[in-house]
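Here's the structure, in C-alpha cells; my notes come after.
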Amino acid sequence: MNPHIREIREIREIRAIRTSYVVTADGVRLATDLCLPEAPQDARLPAVVIRTPYDRRRHHGELRGWAARGFAAIAQDVRGRHDSGGDWHPYRGEAADGAATLAWIRRQTWSDRRVVAAGASYAAHCALALTAGTQPPDAVIAAVPALGPAETARETTGPERLLARAGWWAAHGDRRDSDEDALAKARAEDPQLLEHLPVLDLPSRLGRALPSWPSLWRHRPDGPAALTAARSRVPLLAVGGTHDPFAEDTLRLWHTWGGPARLLLGPWGHALTAEPGPDAGAAHRLRLGELYVRWATAALAGSAPAKSGAVALGGSELWLGVGELDTRPKEFRFADCGGLRLLRGPEFTADPARPVRSDDLGVPRTGPADRCLLVTAPQPRPLDLIGPAEVRLRATADTAVADWAVRLVALTPEGAARPLATGVVRHRAHPGRAADVPVPLGHLARRLAAGTRLRLEIAGHHFPAHARNPHTGEDPLTATRLLPSARVVDVEGSALLLPVAPPRNFTHAVNPVQEICR
C-alpha cells in the first residue's frame with residue numbers, strides 16, 4: 001500500500017469549527033466555516049472546500065471527518081444564501097466567488113496551497129466551476145453533478161424536466177433559505193398544480209415571486225460544461241447513481257474530462273448511498289466519506305493520467321471496471337417472435353389532457369389506446385445489461401413536432417414492475433410521414449433474474465417528469481391550448497437495442513475502493 005494511503009488511517013484530534021467571511025472582489029461577504037485538525041503551529045495542510053446553497057452548517061459532520069484525517073475543511077454558503085451576503089442568482093458567478101475563496105484559502109498560515117474542491121448536486125457545479133480559473137483547485141470531487149441551468153432544465157434531446165425543476169425552484173429559488181417540502185405542500189393543496197397552463201405561471205400558483213423561473217428556460221444545452229471539462233487537467237472523481245436523473249451527465253462529464261478521471265457509479269438515487277435502489281445489495285453500501293478522503297490523498301500525491309473506475313452491477317453483488325460498459329447491443333425487434341410481442345397499439349392517441357404519467361407504472365386495460373405496448377417472453381436465464389440502451393423507432397405523428405417517450409420496465413417473476421430506463425425525444429417531421437426516431441435510454445448496469453419479462457411502452461408524454469407537448473406548435477412552457485396527436489408505430493421497422501453482456505461472476509469483479517484510489 002502506498003504511504004500516502006496509509007497516512008489517512010491516523011485519526012487526528014480536531015479543533016472547534018469557526019466562522020470567517022471571505023470578501024469577494026465586489027465586497028460581498030461569504031460565510032465560511034473552517035475546521036482544522038490539531039497540529040503544530042507551523043504545520044501546513046491541504047484543504048477541502050465545499051461551496052453550497054444548502055446551508056454550510058449541514059456539512060459540519062463532514063468537515064470534522066475531513067479534519068480528523070489531516071485536512072483543513074471548509075464549507076461556505078454561496079452568495080445570497082443563508083448567512084452570505086449579496087443576491088442569489090442560481091448558477092451565476094460561482095466561478096468568480098469560488099476563485100476568491102481559493103485565493104483566501106491559499107493565503108492562510110495553515111495552508112500548503114493544495115485544495116480539493118468537493119460537492120454534490122449544485123455544490124458539484126460550484127466545484128467544477130473553479131476548474132476554469134487561472135488558479136484552479138488541485139483536485140475535484142463532483143457527485144451527482146447538476147452541471148448548469150441548460151443541463152438541468154432540459155434533456156439533451158429537448159423535452160423540459162418539469163417536475164425536478166419545479167421542485168428545486170419552489171424549494172430554493174429566489175430566497176435566502178430553503179423549504180424542501182414547498183412543492184409537495186402546494187401539490188397537496190392542489191393535486192393538479194403542474195397541470196395548470198401556462199407552465200411559466202407556476203410561481204403565481206405557488207403564491208410567491210420566482211423572478212428567475214422564466215430565465216431558467218431560456219438556457220439551451222449547447223455544451224459549455226463539456227467544453228470546460230475537456231480543457232480541465234486536474235484529477236476528477238465523478239460519482240453518480242444509475243437511478244439519479246443526472247446519471248448521463250455524470251458519465252458524460254467523466255468521459256469528456258481532459259485530465260485524470262475516476263468514475264464511481266452505483267445503484268443509487270440522487271442521495272447516493274442514502275437512497276439505494278431496489279437492485280442495491282450489501283456490496284453497494286460503501287463508506288463514501290472514507291473513499292473520498294483516500295482518493296483525494298492519492299490525487300494530491302499524483303494520479304495516473306487515465307480514465308478508469310468502477311460500476312456496480314445492480315441485482316448482484318458485483319462491481320465491474322468501466323471497460324464493461326463497452327458491451328455490444330443485442331437487437332430485440334418489435335415484429336420478431338423472438339423479440340417483443342405487441343400487446344396494444346400500434347396506433348394510439350397521445351393526448352396531453354390525459355398524458356401517460358411518469359409516476360405511475362400501471363397500464364390501462366380498457367379504453368382508447370394511449371401508448372404502444374410490447375412485452376418479451378420470460379427470460380430463460382439471468383440477463384446482464386451493461387452499457388447504453390436505445391430504441392430505434394420508426395413511427396408517424398400527425399403533428400409537425402412530437403415528443404416520443406419510451407419506458408422500459410422489468411416485470412419480475414414475483415409480479416412486481418421495476419423501471420429500468422426512460423428516454424424522451426422531441427422530434428420534428430412532416431405530419432403524417434413516417435420518420436426514424438432514435439431514442440436513447442441511457443446506460444444500464446443491471447442483472448435481471450431468470451423469468452423476468454421486459455415491457456416496453458411508447459407514448460407521447462412522460463408527465464409530470466417532463467412538460468407536456470401541446471401539439472399546437474407552441475412552446476410547451478407558454479402554451480395554453482392542448483391538442484391530441486394521432487400516432488402510429490411501425491413495428492416492422494422498430495427495434496429495442498439492449499447491452500446484453502455475457503454472464504459476469506466474481507472473476508470479473510473489481511474492488512471499487514482500490515479501483516478508484518489506485
Would you give the length of the straight line joining atom OH of Tyr292 to atom CD1 of Ile141, rounded to the nearest 0.5 angstrom?
7.0 Å

Could you tell me whether Glu94 and Arg81 have a side-chain N and a carboxylate O separated by less than 4.0 Å?
no

Work out which heavy atom in Pro352 is nearest to a heavy atom in His471; give both atom names and the distance.
CD-ND1, 3.7 Å

Mind running side chain to side chain contact (heavy atoms under 4.5 Å, CB included) on Asp475 and Leu200 for me, showing each step along the way?
CA-CA 11 Å; Asp475 185 333; Leu200 286 188; over 6 Å; no

Exam field: side chain Asp403 to backbone Val424, donor-acceptor pair closer than 3.5 Å:
no

Roughly how far, to the nearest 0.5 Å, is the NE2 atom of His243 from the CD atom of Glu275?
9.0 Å

How close do Trp404 and Ile458 get, counting heavy atoms only, and between which atoms?
CE3-CG2, 4.0 Å

Nearest-0.5 Å distance, NE2 of residue His466 to CG of residue Leu162
9.5 Å

Taking the basic N atoms (NZ, or NE/NH1/NH2) and the acidic carboxylate oxygens, is any pair closer than 4.0 Å for Arg426 and Glu160?
yes

Presence of salt bridge, Asp83 and Arg56, under 4.0 angstrom
yes

With Glu457, which of Leu408, Asp370, Leu373 fulfils side chain to side chain contact (heavy atoms under 4.5 Å, CB included)?
Leu373

State whether Arg58 and Asp55 are salt-bridged, where the test is any N-O pair (Lys NZ or Arg NE/NH1/NH2 against Asp/Glu carboxylate O) under 4.0 Å.
no

Would you say the ring centers of Phe246 and Trp168 fall short of 6.0 Å from each other?
no

Val28 vs Asp87 side-chain heavy atoms within contact, under 4.5 Å
no

May I ask you to decide whether Glu515 forms a salt bridge with Arg262, counting only side-chain N to carboxylate O separations under 4.0 Å?
no

Kindly compute the distance separating CZ (Arg407) from OG1 (Thr422), expressed to the nearest 0.5 Å.
6.5 Å

For Arg187 and Pro464, the nearest pair of non-hydrogen atoms, with its separation, is NH2-CG, 4.1 Å

Which heavy-atom pair separates Leu361 from Pro419 by the least distance, and what is that distance?
CD1-CD, 3.6 Å

Between Tyr54 and His59 (judged by ring centroids, cut-off 6.0 Å), do the two rings come close enough to count as a pair?
no

Nearest non-hydrogen partners of Ile74 and Ala47, listed with the distance
CD1-CB, 3.9 Å

Would you indicate whether Arg233, at its atom CZ, is surrounded by more than 12 heavy atoms from other residues, nucleotides or ligands within a distance under 6.0 Å?
yes

Under 3.5 Å: donor-acceptor pair, side chain of Arg468, backbone of Glu195
yes

Taking the basic N atoms (NZ, or NE/NH1/NH2) and the acidic carboxylate oxygens, is any pair closer than 4.0 Å for Arg79 and Asp26?
yes

Go through Asp33 and His60 one step at a time and tell me if the side chain to side chain donor-acceptor pair (under 3.5 Å) criterion holds.
CA-CA 8 Å; Asp33 285 355; His60 280 184; 2.7 Å; yes

When you check the gap from the basic side-chain N to the acidic O, do Arg418 and Asp279 get nearer than 4.0 Å?
no

For Arg29 and Ser84, what are the C-alpha separation, side-chain angles and deciding distance, and is it a side chain to side chain donor-acceptor pair (under 3.5 Å)?
CA-CA 6 Å; Arg29 288 160 50 88; Ser84 285; over 6 Å; no

Ignoring hydrogens, what is the shortest heavy-atom contact between His172 and Ser178? Give both atom names and the distance.
ND1-OG, 2.8 Å

Do His270 and Ser121 pair up side chain to side chain, a donor and an acceptor below 3.5 Å, judged on atom types alone?
yes

Atom CD1 in Ile386, atom NE2 in His443: separation rounded to 0.5 Å?
11.5 Å

Ion pair Asp138/Arg106, N-O distance below 4.0 Å:
yes

Reported OG1-to-CZ distance for the pair Thr32 and Arg18, which is rounded to 0.5 angstrom:
11.0 Å

CA sep, side-chain torsions, deciding dist, call: Trp319, Leu264, side chain to side chain contact (heavy atoms under 4.5 Å, CB included):
CA-CA 10 Å; Trp319 285 89; Leu264 182 71; 3.6 Å; yes

